[in-house]
Student: 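Here it is, the structure, as structure tokens.
The shown structure was predicted, so the numbers you read here are calculated from the model rather than taken from an experiment.
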Amino acid sequence: MARTASGSLSIKFIDEVWISVESGAGGQGAVSFRREKFVPAGGPDGGNGGRGGDVIICGDRAISTLLELRYRKLHRADKGRPGGGNNCTGADGQDALIRVPIGTQIYDEEEGVLLGDITQEGQTLIVAHGGRGGRGNATFATPSRRSPDFAQPGEPSQSRSLRLELKLLADVGLIGFPNAGKSTLVSRLSRAKPRIADYPFTTLKPNLGVVKVDLEKSYVIADLPGLIEGAADGAGLGIQFLKHIERCKLFLFLVTQDIDETRNPLSDFEALRNELKKYNPKLLERPYIIALSQTDRPEVMEQLTELRARRREDIHPISAVTGFGLEPLRREIANQLRESGTWSEG
């Protein structure tokens, strides 16, 4: 986590960029005639031009942010080479390959339409097609037109302005106020190593952890940055990370008793649900689990009875520090994902 000269936090996680792309134009067809000894008339032998390269976006799990694209705004594919004599076809232009994280959506900036959604490793999307190569004069020869002295130009390139937006693909979205213990919980449930400290907004970018259930099954849990009241209206980290919640199949609400007792687990849960409702009411239809964290503190355990009395759901008391309740919580998450049919292959 870095600070600017003014002391404000600078967020290195890049989840939205604007780029321009341009495919390759097709190569010019050739005008050429045979010149052979003892062949007085010869004949047309101009080859076709090569096809221009495409601009292709490809999903790559090794990439986690759109940061590199922020510093490279223009992506061009190569032009097709012109045709040659002796019916030689010009070489095709090389494609321009843009690698993006899984979960990237591609929009046409001018038309405002979604062109595609990269959700799998190796998935590709052509965002600008290369121009076809022009036909050489040999292709225009007919019995009545034996010596055509013209050829086609190649098709022009395609240009586009794109907006790329990254929305994390996770089975479980971990939601809670700052200092609720989300990063610690992810580190205990999985092998993730998120940054952990005792001050608000420790997590400035979502962290993903893979939780193994057995040898063949696992699920991905996302430690989303802490919300505050008014996040849906832009307060705190606001909508910048709320949108990552949209792809999660299951929500895990992590609540606790605030150290200075200004908040309690019930008010936290209701405030978090209210932020989701303001951002997108349909999010309230998703299945969810409530976990009461930091139960190694006596004042937190005192809240468990009231929380269970006020809510119909099963409340899971846990402590990421001692490990209390983590295995039952891990199993409950797996059970709910199994019922919904949502799994990540391990």
Side-chain angles (χ1 to χ4, degrees), residues 9-23 54-76 96-129 158-175 201 203-209 220-227 230-251 275-283 286 342 344:
L9 292 172
S10 64
I11 301 174
K12 293 184 178 180
F13 179 75
I14 305 298
D15 63 353
E16 191 172 39
V17 296
W18 287 260
I19 62 173
S20 296
V21 296
E22 183 180 345
S23 65
D54 298 328
V55 180
I56 304 172
I57 292 181
C58 177
D60 188 343
R61 291 194 183 279
I63 301 174
S64 58
T65 78
L66 298 171
L67 180 61
E68 290 187 9
L69 298 181
R70 184 180 185 184
Y71 301 107
R72 185 183 173 191
K73 296 294 188 180
L74 178 60
H75 299 260
R76 279 197 182 105
L97 188 63
I98 305 173
R99 299 188 180 276
V100 299
I102 307 301
T104 301
Q105 293 180 322
I106 300 96
Y107 293 87
D108 186 296
E109 181 66 9
E110 295 180 359
E111 299 180 5
V113 297
L114 177 65
L115 300 178
D117 193 356
I118 304 298
T119 60
Q120 299 178 10
E121 170 74 15
Q123 178 184 348
T124 59
L125 174 69
I126 299 177
V127 292
H129 291 269
Q158 279 188 352
S159 297
R160 240 176 181 163
S161 295
L162 303 177
R163 178 172 65 87
L164 276 58
E165 181 176 315
L166 173 60
K167 292 184 179 180
L168 294 179
L169 290 174
D171 301 306
V172 184
L174 186 52
I175 305 172
F201 300 115
T203 304
L204 290 182
K205 66 178 182 179
N207 294 296
L208 297 180
V220 178
I221 184 169
D223 163 25
L224 300 168
L227 301 180
D233 301 319
L237 299 179
I239 294 175
Q240 181 174 7
F241 294 112
L242 265 172
K243 61 188 175 185
H244 291 295
I245 294 174
E246 292 179 314
R247 290 185 183 267
C248 299
K249 306 299 189 299
L250 173 70
F251 296 148
E275 291 305 318
L276 296 189
K277 180 180 179 180
K278 288 195 296 183
Y279 177 68
N280 184 351
K282 291 185 178 181
L283 294 178
R286 304 278 174 88
T342 303
S344 295

Student: According to side chain to side chain donor-acceptor pair (under 3.5 Å), who are the partners of Arg163, at least two apart in sequence or on a separate chain?
Tutor: Glu16, Glu165
Student: Pair Ile175, Leu276 - check side-chain contact (heavy atoms from CB on, under 4.5 Å), show working.
Tutor: CA-CA 10 Å; Ile175 305 172; Leu276 296 189; 4.1 Å; yes
Student: To the nearest 0.5 Å, tell me how far Asn280 CG sits from Arg286 CZ.
Tutor: 7.5 Å
Student: Does Glu246, at its CD atom, have more than 12 non-hydrogen atoms belonging to other residues, nucleotides or ligands within less than 6.0 Å?
Tutor: yes
Student: Arg99: which residues meet the side chain to side chain contact (heavy atoms under 4.5 Å, CB included) condition with it, sequence neighbours left out?
Tutor: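 Partners of Arg99 under the side chain to side chain contact (heavy atoms under 4.5 Å, CB included) test: Cys58, Asp60, Ile63, Leu97.
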Student: Determine the minimum heavy-atom distance between Leu66 and Pro101, stating which atoms define it.
Tutor: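 Smallest heavy-atom distance, with atoms named: CD2-CD, 3.4 Å.
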Student: In Å, rounded to the nearest 0.5 Å, how long is the span from CG of Leu162 to CD1 of Ile98?
Tutor: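 Going from the CG atom of Leu162 to the CD1 atom of Ile98 covers 7.0 Å.
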Student: Under the side-chain contact (heavy atoms from CB on, under 4.5 Å) test against Val100, which residue among Leu125, Leu166, Val17, Ile118 passes?
Tutor: Ile118
Student: Any non-hydrogen side-chain atom of Ile57 less than 4.5 Å from a side-chain atom of Leu115?
Tutor: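 No, every pair of side-chain atoms sits at 4.5 Å or beyond.
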Student: Ignoring hydrogens, what is the shortest heavy-atom contact between Ser23 and His129? Give both atom names and the distance.
Tutor: OG-O, 2.8 Å
Student: Look only at the side chain of Glu121 and the backbone of Arg61, and say whether a donor-acceptor pair between them is shorter than 3.5 Å.
Tutor: yes
Student: Could you check Gln105, Glu109, Glu110, Glu111 and say which one makes a side-chain hydrogen bond (donor to acceptor under 3.5 Å, both in side chains) with Tyr107?
Tutor: Gln105
Student: Identify, with sequence neighbours excluded, every residue that meets side chain to side chain contact (heavy atoms under 4.5 Å, CB included) alongside Arg72.
Tutor: His75
Student: How many angstroms lie between atom CZ of Arg76 and atom CD of Glu22, to the nearest 0.5 angstrom?
Tutor: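 These two atoms lie 5.0 Å from each other.
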Student: Could you give the distance from CD1 (Ile126) to CG (Asp54), rounded to the nearest 0.5 Å?
Tutor: 4.5 Å
Student: Could you grab the distance from atom NZ of Lys277 to atom NZ of Lys282, nearest 0.5 Å is fine?
Tutor: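 Interatomic distance, Lys277 NZ to Lys282 NZ, rounded to 0.5 Å: 15.5 Å.
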Student: Specify the closest pair of heavy atoms between Asp108 and Arg160, including all atoms of both residues, with the distance to one decimal.
Tutor: OD2-NE, 2.9 Å
Student: Please round to the nearest 0.5 Å and tell me the distance separating atom CG of Leu250 and atom CG of Asp171.
Tutor: 8.5 Å
